[in-house]
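A short write-up of the structure that comes next.
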Amino acid sequence: MPTRQGIMDYQEKDELMFDEFGNLLNDDSGSSSDSESDMSLDHESTENTTSTAIVKSEESNTNLSLSKTFDPSVETIIASVDTKSLNEPIVEPNVEKKFLIEERNLPHTDYSKEYMWRLTSLPERVRNVALCGNLHAGKTSLLDMLVEQTHTFDNNDKRDKEKPLRYTDNHILEIKKGISIKSSVMSMLLPDMKDSSTVVNFIDTPGHSNFCDEIMVGARLADIIILCVDVVESVTKTVELVIEAALKMKTKIVLMITKIDRLLLELRLPTLDAYYKIRRTIEQVNETITNICQSLDLNPNDENVRLSPELDNVCFSSSVFNLVFNLKSFTQKYIEQNNLSKNVKVTVDSFSTKLWGDIYYENRKFFVKPKDPLACANSRTFIKFILEPIYKLATVSLTLDAPDRKEFTEQHMKLRMKNYTYKLDSKPFLKHIFTEFFGFPSKPLLSALKNTVSPKENSDSKLEYLFTGPKNSDVAHYVHDCSPSNPLVANVVKLVDTHDSEHFYALVRVFSGTLKCEDTVRLLDESNSSLGSDSFKMQKISKCYMWCGRYRVEVTELRAGSIGLISGPAIDQFIVKTATIYDKRIDPSSNFTFKQLEQTIPPVFKVALQAYNPKELNKFLDALKKLNRSYIGCEVSVEDNGEHSILGYGELYMDCLLHDLRILYGGIDIKVSDPMVRFNETTDELSKIKLTTKSNNGKNSISIIAEPLAPEIANDIRRGILSLRNDPPRQFAKKLRDKYKWDSLAARSVWSFGPADTGTSILCDDTLPEEVDKDLLKSYKSPIVKGFQWAVKEGPLCDDVVSEVKFTIIDVQLAPELADRNDAQIIQMVRKACHAALLIGAPKLLEPIYQIESICHVDALGALDLLLERRRGFVIGKERIEGSLLWKVNGIVPVIESVGLEVDLRLSTRGLAYPQMIFSRWDRVPGNPLDDTVFIPLLKRVPLSSTARDFMMKTRRRKGLKEDVSLQNYVDRDTWNMLMEIGAM
């Protein structure tokens with residue numbers, strides 16, 4: 001601290017150095033004002049502290065050094081301008097963002113994780129299984145039973161045993177909402193009934209119809225689909241969607257009848273009625289398979305698609321009982337209990353086939369035709385050997401007290417359990433006693449899975465459905481062999497968030513070779529095809545993981561037939577949705593991509609977005625890019641007016657998208673528009689007049705007419721049954737002739753589908769060789785098709801897709817000079833001609849329609865009728881669910897009218913009804929969109945006849961388009977005057 005004498009000496013020097021205005025004496029370096037501001041003293045700091053520190057700005061222009069200006073005993077501090085506001089802390093706290101639930105340490109398992117990974121070198125010992133089914137059908141609960149069997153957690157004693165584990169639901173929204181939102185993988189090593197272990201990669205998929213894109217991800221990854229069907233609710237729309245995807249991909253189906261405890265605990269059915277209910281559920285699934293096979297032109301009588309317990313492709317489960325069984329597992333139990341293993345005549349296969357169907361058991365004998373079927377109804381083998389023991393165990397657990405429980409289990413079941421288990425409540429005791437008696441649930445499940453296909457056996461089906469290249473190429477042979485020693489071929493199916501949502505992992509299935517850490521591979525984005533060496537990116541793989549729900553096991557490599565996660569610097573930059581990985585040793589000219597994820601249901605629910613604070617625009621755009629990568633089914637686009645829009649499958653899907661955009665990826669406030677939908681455009685009539693459209697230079701002309709396309713053709717194009725790309729030309733023409741009754745000339749004249757290869761508009765060439773130079777026309781086929789694609793991608797009414805329209809070229813006149821018929825002239829001319837052909841007919845707007853399915857109590861039926869009637873919808877069918885008091889109601893409602901329907905229905909029925917809505921079809925909007933005489937009131941619902949005009953005008957205003965839609969914009973003045981004279985307009 002400076003002395004008192006030092007301070008006095010400083011004050012004397014101060015009087016000599018500064019004048020009465022505070023200016024520094026003998027200062028030649030700057031103006032007096034600069035010196036005053038630079039050398040001002042911080043008197044407040046000296047008065048408020050006992051220190052004599054003098055604060056001097058670092059921006060001083062004085063030439064005097066601090067040692068010459070101040071006494072050596074004076075402490076001097078260099079002060080800088082504050083870079084942070086008063087609301088920001090000087091030291092930022094280290095807050096870790098964590099949006100996923102992950103295990104801090106690897107949990108203990110009853111198998112070696114290293115052995116599980118080493119076993120993947122044998123594709124025959126690997127099974128890739130997708131758990132699919134309806135919402136709350138027991139998919140995640142089935143997987144939880146296997147997790148609890150094989151895993152021991154550090155916090156197991158602290159966990160609430162009454163709450164479901166839901167081990168594969170690790171997203172914060174999944175925990176909050178109690179449903180699965182994204183598909184996740186759980187890799188486990190499970191034993192079968194012979195204690196032979198197999199690596200099973202389970203893909204747990206959502207059951208809500210809004211997340212159909214994640215269902216398709218699971219079906220694409222898997223070789224086997226476990227179709228989970230609630231024994232009470234039976235077949236739903238989601239189940240139909242899964243069955244259709246499995247049949248298209250030629251994927252094996254194993255039926256899992258779940259929640260059999262509801263037959264006893266909820267419905268309280270006797271054993272005979274429970275048997276009939278189970279049998280009817282299996283019959284309904286088979287009927288659905290038959291109907292879908294017929295619509296897909298497949299053989300419904302194929303033995304591989306029929307599901308039945310005696311074929312060992314049907315299992316039964318109950319998470320309440322902690323029980324999974326099939327006929328063979330029960331047979332094995334009886335053989336062990338009665339010491340029948342030494343009997344040569346009694347085998348598991350022979351005995352299990354007698355436990356299903358109209359086979360009876362009395363007096364230790366099996367017979368098929370009883371004398372009195374009614375008297376012997378309860379003597380069916382399935383009831384006698386399976387249902388009655390289950391009912392008896394459940395009744396004992398629910399009705400007896402601890403001493404009686406112990407006496408029964410020890411004397412009648414020959415089981416000895418710890419004393420504390422008899423004192424448990426009914427629900428945990430049920431799990432204990434069923435597990436002790438029937439064993440672990442993994443054994444019967446894995447025995448059924450081992451009878452299906454391995455990745456190697458299913459490689460041909462995956463190759464046929466997914467691979468875009470020739471089936472006789474070297475890459476196809478590598479995929480067929482499915483050998484870890486072959487060159488690498490793999491498919492990135494989707495991107496998975498890290499725990500902080502800052503980066504992504506790639507979920508990959510390896511079809512051939514071995515994907516190793518630190519290896520450099522060739523990466524092709526989904527938009528690429530076999531375009532040569534410049535169409536790929538060389539990428540170094542950083543790490544590889546086996547994905548196990550809430551934890552990951554880091555491994556050095558992923559082998560053929562395996563499913564896992566990889567990380568690398570290009571994953572966040574190069575991959576958008578899917579990608580294809582090749583070994584760098586493979587010739588780049590043979591690199592074809594795997595197909596993009598097929599959208600069986602188009603995303604039609606739409607909102608427009610913008611950042612609340614314009615300064616955060618860059619942050620907003622980065623968040624949109626991450627959102628587009630994370631949700632594989634969503635579409636992010638930019639309209640002509642600059643607004644950003646997101647397309648999804650429904651209200652719940654959009655709610656999850658916006659939550660992640662705000663919280664996970666952006667951390668910003670955003671403005672969200674009212675919900676909208678994507679419209680389509682079509683025509684109801686053939687073009688009234690043949691219009692000739694000229695190019696901009698007036699030296700080329702084309703005549704195109706438009707007419708409605710048959711609905712069955714449009715539906716088959718959407719479902720992939722009719723494909724111009726996949727079908728050879730002769731086979732394609734044969735389909736048009738035989739199935740759709742086209743003439744041979746028209747069947748051979750199809751040039752393109754649009755937009756893209758899966759659009760439902762068709763371009764045909766119907767010109768005559770006598771009138772048109774065919775060779776010259778074919779040489780300009782490419783620009784004509786591009787003009788057609790442009791026209792049907794952005795229609796004349798709302799700038800939306802044109803669908804279900806057949807465009808036919810009937811005349812083309814091209815300029816003789818090459819420079820006058822360039823591609824730019826042709827493309828714009830064809831676009832104008834297609835739009836004119838639509839407007840000269842009867843243009844219509846198409847809106848998406850939801851099919852509603854609700855399983856509800858009888859008291860909720862009237863509320864659903866009333867709500868749908870108010871929203872331009874209606875109920876199309878009501879069906880009583882057999883064996884229960886529930887009803888299944890089906891209806892339709894326009895997507896644009898469905899906003900808030902779920903909340904209204906829940907409130908009006910007090911939770912007795914919950915609707916699931918799934919896209920069904922495109923339907924015409926009432927009214928004429930070009931009729932400018934209709935009445936459109938302000939702030940009120942428009943009349944039904946004005947709906948199309950109202951939708952079109954609002955959509956054009958929102959997109960920043962001109963409100964005037966007229967054929968006059970597409971034809972010259974003379975043609976327009978002629979049309980007005982003849983009254984065509």
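Since this is a predicted model, take the numbers as computed values, not measurements. Positions are given from 1, in the same order as the sequence printed here.
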Q) Is the backbone N or O of Ala791 less than 3.5 Å from a side-chain atom of His835, with the two atoms forming a donor-acceptor pair by type? A) yes

Q. Ion pair present between Lys734 and Asp727, side-chain N to carboxylate O less than 4.0 angstrom?
A. no

Q. Are Val889 and Glu853 close enough that some pair of their side-chain heavy atoms sits under 4.5 Å apart?
A. no

Q.
Does either side chain, that of Thr975 or that of Asp972, offer a donor lying less than 3.5 Å from an acceptor on the other one?
A. yes

Q. Going by atom types alone, do Ser645 and Ser637 pair a side-chain donor with an acceptor below 3.5 Å?
A. yes

**Q.** Flag side-chain contact, heavy atom, 4.5 Å: Leu647 against Cys634
**A.** no

(Q) Within 45 degrees of the ring normal and closer than 6.0 Å to the centroid, is that where the cationic atom of Lys250 sits relative to Tyr465? (A) no

Q.
When you compare the side chain of Val965 with that of Met952, does any pair of heavy atoms fall below 4.5 Å?
A. yes

Q) Would one find more than 12 heavy atoms of other residues, nucleotides or ligands at under 6.0 Å from atom NZ of Lys793? A) no

Q | Between OG on residue Ser687 and CD1 on residue Ile810, distance to nearest 0.5 Å | A | 8.5 Å

**Q.** CD (Glu869) with more than 12 external heavy atoms under 6.0 Å
**A.** no

(Q) Assess the residue pair Asn697 and Ser695 against the criterion (side chain to side chain donor-acceptor pair (under 3.5 Å)); give the C-alpha distance rounded to whole Å, side-chain angles, the decisive distance to 0.1 Å, and a yes or no. (A) CA-CA 5 Å; Asn697 60 10; Ser695 59; 2.5 Å; yes

Q | Those residues that, when tested against Arg924, pass salt bridge (charged side-chain N to carboxylate O under 4.0 Å, His left out) (two or more places apart) | A | Asp684

Q. So does Lys844 pair up with Glu804, basic N to acidic O under 4.0 Å?
A. no

Q. Okay, side chain of Arg871, backbone of Glu897: is any donor-acceptor separation there less than 3.5 Å?
A. yes

**Q.** Residue Asp738 excluded, over 12 heavy atoms near CG under 6.0 Å
**A.** yes

Q.
Here's a test for you: under side-chain contact (heavy atoms from CB on, under 4.5 Å), which of Thr760, Leu722, Asp297 qualifies with Asp716?
A. Leu722

**Q.** Derivation of the side chain to side chain donor-acceptor pair (under 3.5 Å) call for Asn696 and Gln828
**A.** CA-CA 8 Å; Asn696 292 336; Gln828 296 185 26; 2.9 Å; yes

(Q) For the NZ atom on Lys699, are there more than 12 heavy atoms of other groups (residues, nucleotides or ligands in this structure) within a distance under 6.0 Å? (A) no

Q.
Contact between Arg973 and Asn977 at the side-chain level, heavy atoms closer than 4.5 Å - yes or no?
A. yes

Q. Going by an N to O cut-off under 4.0 Å, is there a salt bridge joining Glu635 and Lys606?
A. no

Q | Gap separating the CD atom of Glu879 from the CD1 atom of Ile855, nearest 0.5 angstrom | A | 10.0 Å

**Q.** side chain to side chain contact (heavy atoms under 4.5 Å, CB included) between Ser761 and Phe788, worked out
**A.** CA-CA 9 Å; Ser761 291; Phe788 161 75; 4.1 Å; yes

Q: Would you give the length of the straight line joining atom CG of Leu776 to atom CD of Gln813, rounded to the nearest 0.5 angstrom?
A: 10.0 Å

**Q.** Lys/Arg N to Asp/Glu carboxylate O, Glu598 vs Lys248, below 4.0 Å
**A.** yes

Q.
Taking the basic N atoms (NZ, or NE/NH1/NH2) and the acidic carboxylate oxygens, is any pair closer than 4.0 Å for Arg719 and Glu244?
A. yes

(Q) Applying side chain to side chain contact (heavy atoms under 4.5 Å, CB included) to Leu241 and Cys212, what does each step give before you reach the verdict? (A) CA-CA 8 Å; Leu241 183 68; Cys212 55; 3.7 Å; yes

Q | Salt-bridge criterion met for Arg949 and Asp932 (N-O under 4.0 Å) | A | no

Q. If you measure only the distance, is there a donor-acceptor pair under 3.5 Å linking the side chains of Ser701 and Thr692?
A. no

Q) Between Glu681 and Cys798, is a side chain to side chain contact (heavy atoms under 4.5 Å, CB included) present by the stated rule, with each step listed? A) CA-CA 8 Å; Glu681 304 174 23; Cys798 295; 3.8 Å; yes

Q) With side chains defined as the heavy atoms from C-beta onward, is the minimum distance between Thr808 and Ile704 less than 4.5 Å? A) no

Q: Determine, stepwise, if the pair Asn969 / Lys832 fulfils side chain to side chain donor-acceptor pair (under 3.5 Å).
A: CA-CA 9 Å; Asn969 301 328; Lys832 288 173 60 178; over 6 Å; no

(Q) Using the ring centroid of each side chain, check whether Tyr850 and Phe919 are separated by less than 6.0 Å. (A) no

Q: Step by step, work out the side chain to side chain contact (heavy atoms under 4.5 Å, CB included) result for Val830 and Ile827.
A: CA-CA 5 Å; Val830 173; Ile827 291 173; over 6 Å; no

Q) Hey, would you say the Tyr653 and Phe605 ring centroids sit under 6.0 Å apart? A) no

Q.
Strictly by ring-ring contact (aromatic ring centres under 6.0 Å, His included), give each pair with a member in residues 708-752 just once, sequence neighbours left out.
A. Phe732-Phe753

(Q) Quick one: does any side-chain atom of Gln851 pair with a main-chain N or O of Ile892 as donor and acceptor, under 3.5 Å? (A) no

Q: Keeping the roles fixed (side chain from Thr947, backbone from Leu944), state whether a donor-acceptor pair exists under 3.5 Å.
A: yes

Q. NZ of Lys778: more than 12 outside heavy atoms within 6.0 angstrom?
A. no

Q. So how far is it from Ile784 CD1 to Leu814 CG, rounded to the nearest 0.5 Å?
A. 6.5 Å

Q | Full working for side chain to side chain donor-acceptor pair (under 3.5 Å) between Gln916 and Thr236 | A | CA-CA 10 Å; Gln916 282 213 72; Thr236 60; 5.9 Å; no

Q. Are the charged groups of Asp765 and Lys774 less than 4.0 angstrom apart, N to O?
A. yes

Q) Are a donor atom and an acceptor atom from the side chains of Arg821 and Tyr780 found within less than 3.5 Å of each other? A) yes

Q.
Do Leu979 and Leu967 have side chains that approach each other closer than 4.5 Å (heavy atoms only, starting at C-beta)?
A. yes

Q. Are Arg956 and Glu963 within salt-bridge range, i.e. N to O under 4.0 Å?
A. no

Q) Using 4.0 Å as the upper bound for N to carboxylate O, is an ion pair formed by Arg921 and Glu847? A) no

Q: Compare all side-chain heavy atoms of Lys671 with those of Leu609 and state whether any distance is below 4.5 angstrom.
A: no

Q: May I ask you to say whether Asp800 pairs ionically with Lys959, meaning some side-chain N is under 4.0 Å from a carboxylate O?
A: yes

Q.
If only side-chain N and O atoms count, and only distance matters, is there a donor-acceptor pair under 3.5 Å linking Asn890 with Lys878?
A. no

Q.
Using modelled atom types and a 3.5 Å cut-off, is there a donor and acceptor pairing between side-chain atoms of Asp811 and backbone atoms of Ser703?
A. no

Q.
Nearest 0.5 Å, please: how far is CG in Leu657 from CG in Leu627?
A. 5.0 Å

Q | Heavy-atom pair with the smallest gap, counting every atom of Ser898 and Met917 | A | CB-SD, 3.9 Å

Q) Side chains of Leu864 and Leu905: closer than 4.5 Å at any heavy-atom pair? A) yes

Q) Any donor and acceptor pair, going by atom type alone, linking the side chain of Asn715 with main-chain N or O of Pro711 inside 3.5 Å? A) yes

